[in-house]
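Here is the naming used below: chain letters follow the sequence lines, and residue numbers restart at 1 for every chain.
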Amino acid sequence: MDNKRIADTFDQIADLLEFQGANPFRIRAYRNGARTVRDLTDSVATIIADDSRDLTEVDGIGKDLAAKCAELVDTGSLEMMNELLSEIPGSVLDLLRIPGLGPKKAAVLFKELGIQTLDGLEEACQSGEVAKLKGFGKKTEDTLLKGIAFAATANQRIYWSEADVLVGRLREHLEQTNGMEQLEFAGSYRRGRETVGDLDILVVANDSTDVMDCLQDFEEIADTLVRGETKMSVRLESGLQVDLRVVPAESFGAALQYFTGSKDHNVLVRGEAKRQGLKINEYGVYRNEAGKDVGISGADEEGVYRALGMPWFPPELREARQEFRWAEEDALPELVGLDDIRGDLHMHTNATDGRGTIEEMVTAAQSRGLQYIAITDHSKRVSMARGLDAERVLAQWSEIDRINEQLDGEFKLLKGIECDILEEGGMDLPDKVLAQADWVLASVHYGQKQPRDKITCRIVGAIENPHVSAIAHPTGRLINRREPYDVDMEAVLQAAAEHHTLLELNANPARLDLNDVHCAAAKAKGIPITINTDAHSIEGLDVMRCGIMQARRGGLTATDVANTMAWADLRALLRRG
DNA sequence: GCCGTTTTCGGCCCGACTGTTTTCAGTCG
């Protein structure tokens with residue numbers, strides 16, 4: 001039972017309790033517990049097995065949740081969950097995916113009409129049964145019918161990189177508005193989450209009507225969900241929701257802080273404000289003087305945090321993980337930036353499944369300000385990509401030697417390989433070949449579904465191989481498409497730390513592998529991370545910024561990232577092992 | 001259900017918008 005499954009279980013319990021109308025703070029405790037467990041760098045099972053440690057020392061996990069964790073680890077299930085499911089069929093939770101239908105109304109539908117599924121609800125709406133219920137009306141019925149169609153189609157979060165393209169288009173469109181003074185995109189996009197569920201736009205403008213009309217004119221709008229004085233929500237044809245808020249200039253910073261989130265971060269910020277006798281909302285920070293709220297901050301975000309005695313937090317850190325503790329200790333990390341990156345150590349050419357030649361990749365890398373790159377085509381096991389056997393890779397390396405001679409010495413082209421870790425363990429190329437490389441990535445492409453012990457053993461085996469520089473995309477997940485391998489990451493991290501093998505943060509927006517939590521765990525163990533693009537074309541080099549974002553979310557500084565170093569220093573680091 | 005420099009009870013963030021209401025509950029972020 002890994003942390004993710006424990007967290008998912010707590011989230012489901014929260015959903016079911018919400019449906020039952022339980023104490024909202026009890027529900028929040030389960031949601032907090034879920035998030036805490038999901039973000040934990042150590043596995044719950046490990047902490048439980050360690051007599052010197054106690055789960056209740058983790059913030060947000062009390063006696064009760066600790067016992068439930070233990071039950072889940074021991075038995076694989078939870079008595080409480082079974083009881084809840086005997087009262088409420090799990091399928092009713094589908095109803096909560098309908099926009100505008102929350103737990104209260106869903107519970108009425110279940111209790112009064114016995115509705116358990118989206119199909120059942122659709123029938124009841126069409127027959128007019130729903131509009132007869134107290135608190136429901138014709139309009140609600142119409143809203144539900146529209147929402148059912150929406151909930152039935154996959155309501156997927158989009159990759160951050162896709163959101164980024166959309167943000168560019170929306171920004172360009174909205175900047176045409178007359179009297180637009182300030183425009184910013186907040187929410188999970190600003191926090192650099194790997195996926196984005198909706199977009200939050202914040203605007204200061206002379207006339208909110210003009211801005212809203214302008215958004216209404218955006219060509220990809222499918223539907224306007226809400227439009228009031230200061231707030232508007234639309235749905236794009238892609239299904240993505242876009243929320244717009246128009247705020248006065250003196251509140252812009254407070255609104256930016258508020259709508260950037262995360263929700264959990266803000267709950268803690270508000271709690272702290274309250275402790276200091278202050279009030280904070282999206283309009284500003286207020287002190288109560290003689291019964292009246294007096295604004296003391298709001299125009300800029302830094303000032304809002306300063307008013308509470310806090311430093312400005314980089315948005316990527318606002319997840320209610322460790323940022324407040326760091327702030328207290330005056331130890332907020334100075335996060336790595338794109339400008340810190342000097343090399344890119346994972347890319348493919350047209351020798352295998354890439355599109356560019358070696359020379360084209362070199363030119364593209366130079367124009368992006370890089371000082372070195374490694375060519376890391378696939379090894380022969382990846383036959384679909386025409387992976388290189390020993391003979392071809394040695395020929396490629398000779399070619400690289402030749403190209404290096406023509407380069408001015410300012411730029412270094414490295415002889416690399418992305419060598420497969422074979423299904424039965426061991427590397428796809430002999431050690432005597434790997435020994436001639438400057439840089440060896442090891443990665444799994446086949447046998448991804450192997451049981452935990454076996455796949456962990458394969459990866460740890462590669463880590464122990466002295467010729468292997470780093471493990472590429474260590475968990476193999478593809479966001480929204482493929483689960484990670486069932487690999488024991490603690491064992492991988494432990495082995496990497498012991499053998500001085502680096503771990504990759506693959507910057508491809510569909511991978512972002514390692515994820516933020518794993519990055520933090522690697523940092524805690526002193527394992528250097530290498531952020532690589534895995535480019536299959538010259539344009540592919542541009543995803544580096546996605547990797548940087550993920551690294552920042554993991555709290556990594558430039559010194560935690562190996563390819564911020566000059567190649568000579570990085571090579572020395574590799575030989576340390 | 002969690003938490004505690006006001007510590008074992010009593011809090012726990014707060015405002016906009018909508019629909020079905022005649023003054024507010026539900027939902028959302």
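Of the candidate nucleotides dC12(B), dG1(B), dT27(B), dT27(B) has the atom nearest to the side chain of P103(A). In this structure, the nucleotide among dC2(B), dC17(B), dC13(B) sitting nearest to the side chain of L65(A) is dC2(B). The side chain of E282(A) sits closest to dG15(B) out of dT27(B), dG15(B), dG1(B). Closest contact between the side chain of K279(A) and the listed nucleotides dC14(B), dG1(B), dC12(B) involves dC14(B). The D200(A) side chain lies nearest to dG29(B) when the options are dG15(B), dC2(B), dG29(B). Comparing dC2(B), dT20(B), dC12(B) by their closest approach to the side chain of T140(A) singles out dT20(B). Of the candidate nucleotides dA16(B), dC12(B), dT20(B), dT20(B) has the atom nearest to the side chain of K139(A).
Base pairing of dG10(B) is made with dC3(B), judged by Watson-Crick or G-U wobble geometry with both donor-acceptor distances under 3.5 Å.
Note on D11(A) versus R35(A): no salt bridge recorded, every NZ/NE/NH1/NH2 to OD/OE distance being 4.0 Å or above.
Residue D516(A) is tested with R191(A), R321(A), K523(A) for a salt bridge (charged side-chain N to carboxylate O under 4.0 Å, His left out); the sole match is R321(A).
Remark: aromatic rings of F313(A) and F324(A) are close, center separation under 6.0 Å.
Across all strands, D59(A) comes closer than 4.0 Å only to sugar-phosphate atoms, never to a base (heavy-atom distances).
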